[in-house]
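Beneath this line is the structure, given in structure tokens, with notes to follow.
Computed from heavy atoms alone, side chains included, the values below leave out hydrogens, waters and symmetry copies.
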Amino acid sequence: MRVEIWSDIACPWCYIGKARFEKGLAAFAHCDEVEVVHRSFELDPHRAKGESAPVIEMLAKKYGRTVEEARAMEEHVAAAARAEGLGYRTEGRDHGNTFDVHRLLHLARARGRQDALLDLAYRANFAEERSVFDPEVLVGLAVEAGLDADEARSVLADEGAYADEVRADEREAAELGANAVPFFVLDRRYGVSGGQPSDVFTRALEQAWEGRESTPVDTAGTTGVCEADGACEVPPRR
């Protein structure tokens, strides 16, 4: 069974959702028979390449909040991340166009290193003081993931490299009705939207496995998502 995950490296709920999905997958009896493919989705595709802004400042402007309120929003998401054992910095992060990150992730997929690079990019963006919007940082992450530095630089220097693959992923997301991420599609039959608890993913995997003959794609209840315009939901505390 194949699971496809549409996400963006700038999306905190994608970062959290990946960790929760992996816990849910580990509890699934047929986990060794599941292929996971990561698909591209840009939260801020209209932001100019090379242009970035501090996350707190961006949130305050986007939601019409004070800096203190935006910081509280980040702290809420940080608590959810830390509950999954993930590092999360609420200060000093930046936000920008992620198209180059997605192109490099497609190179990594072609070389069998996509998941490794995605984990490194998430960690750099959310937990470390390394900007994924700096090409040399991206090259360094690619090398850490097992890719060739020269090949990674060549891809980043050629704006057409893997661009079609990124756009194809985004078209597929639109065709499937995904307007927020993370978005999980299980065997092209079930859809799960948002950074759901790990047991929700386990149940979805079990249901998809049992109903592989005829079950259509159906989106589960949404929680913990980032919208296509970059707006990220902050679910209430439970």
Checklist entry - Can the ring centres of F184 and F201 be said to be less than 6.0 Å apart? => result yes
Checklist entry - Measuring from L138:CG to I9:CD1, what's the distance to the nearest 0.5 Å? => result 9.5 Å
Checklist entry - What is the minimum heavy-atom distance between K23 and S198, and which atoms define it? => result CB-CB, 3.8 Å
Item to check | Stepwise side chain to side chain contact (heavy atoms under 4.5 Å, CB included) test for V36 and V34 | outcome: CA-CA 6 Å; V36 179; V34 176; 4.2 Å; yes
Checklist entry - F99, L118: one ILVMFWY side-chain cluster at the under-4.5 Å cut-off? => result no
Item to check | Shortest non-hydrogen separation from A208 to M1 and the atoms involved | outcome: CB-SD, 3.8 Å
Checklist entry - Just how far is it from atom CD of E42 to atom CG of D169, taken to the nearest 0.5 Å? => result 10.5 Å
Checklist entry - Judged by modelled atom types alone, do E75 and T90 share a side-chain donor-acceptor pair under 3.5 Å? => result yes
Item to check | Atom pair CD/CG of Q207 and L205 - distance to nearest 0.5 Å | outcome: 10.5 Å
Checklist entry - Under 4.5 Å between side-chain heavy atoms, hopping through other hydrophobics if needed: is there a path connecting I16 to L120? => result yes
Checklist entry - Nearest 0.5 Å, what's the CG-NE2 distance between L107 and H102? => result 14.5 Å
Item to check | Verify same cluster id: L104, F133 (apolar side-chain graph, 4.5 Å) | outcome: yes
Next on the checklist: I'd like to know if the side chain of H106 pairs up with that of S40 as donor and acceptor (distance under 3.5 Å, no hydrogens or angles considered).
Outcome noted: yes
Checklist entry - Are E74 and R93 close enough for a salt bridge, meaning some N to O gap below 4.0 Å? => result yes
Checklist entry - Would you say Y122 and V77 are hydrophobically clustered, going by side-chain heavy atoms of ILVMFWY under 4.5 Å? => result yes
Next on the checklist: I need the minimum non-hydrogen distance between F41 and N179, along with the two atoms involved.
Outcome noted: CZ-C, 4.1 Å
Checklist entry - Does atom CD of E129 have more than 12 heavy-atom neighbours, drawn from other residues, nucleotides or ligands, at distances under 6.0 Å? => result no
Item to check | Trace of the side chain to side chain contact (heavy atoms under 4.5 Å, CB included) decision for R39 with I5 | outcome: CA-CA 6 Å; R39 302 288 192 189; I5 307 174; over 6 Å; no
Checklist entry - Given the rule in the salt bridge (Lys or Arg N to Asp or Glu O under 4.0 Å) test, do R130 and E136 qualify, once you have shown the distances and angles that lead to the verdict? => result CA-CA 10 Å; R130 292 196 286 175; E136 282 306 304; over 6 Å; no
Checklist entry - Taking atom types as modelled and ignoring hydrogens, do the side chains of Y15 and E84 form a donor-acceptor contact shorter than 3.5 angstrom? => result no
Checklist entry - Looking at A152 and A142, what are the two nearest heavy atoms and their distance? => result CB-CB, 3.8 Å
Item to check | Considering all heavy atoms, the nearest C14-P182 contact | outcome: SG-N, 3.6 Å
Checklist outcome for this item: Tightest non-hydrogen contact, residues V192 and A204, listed as CG2-CB, 3.8 Å
Item to check | Stepwise side chain to side chain contact (heavy atoms under 4.5 Å, CB included) check, E91 with R71 | outcome: CA-CA 8 Å; E91 300 286 348; R71 187 171 287 114; 2.4 Å; yes
Item to check | Pair D119 + K18: basic N to acidic O under 4.0 Å | outcome: yes
Next on the checklist: Apply side chain to side chain contact (heavy atoms under 4.5 Å, CB included) to residues W209 and E33 and explain how you reach the verdict.
Outcome noted: CA-CA 10 Å; W209 185 268; E33 298 176 70; 3.5 Å; yes
Less than 3.5 Å apart, which donor and acceptor atoms pair up between the side chains of residues 50-58 and the rest of the protein, not counting sequence neighbours?
from : atom 1 : to  : atom 2 : distance (Å)
E51  : OE2    : R47 : NH1    : 3.1

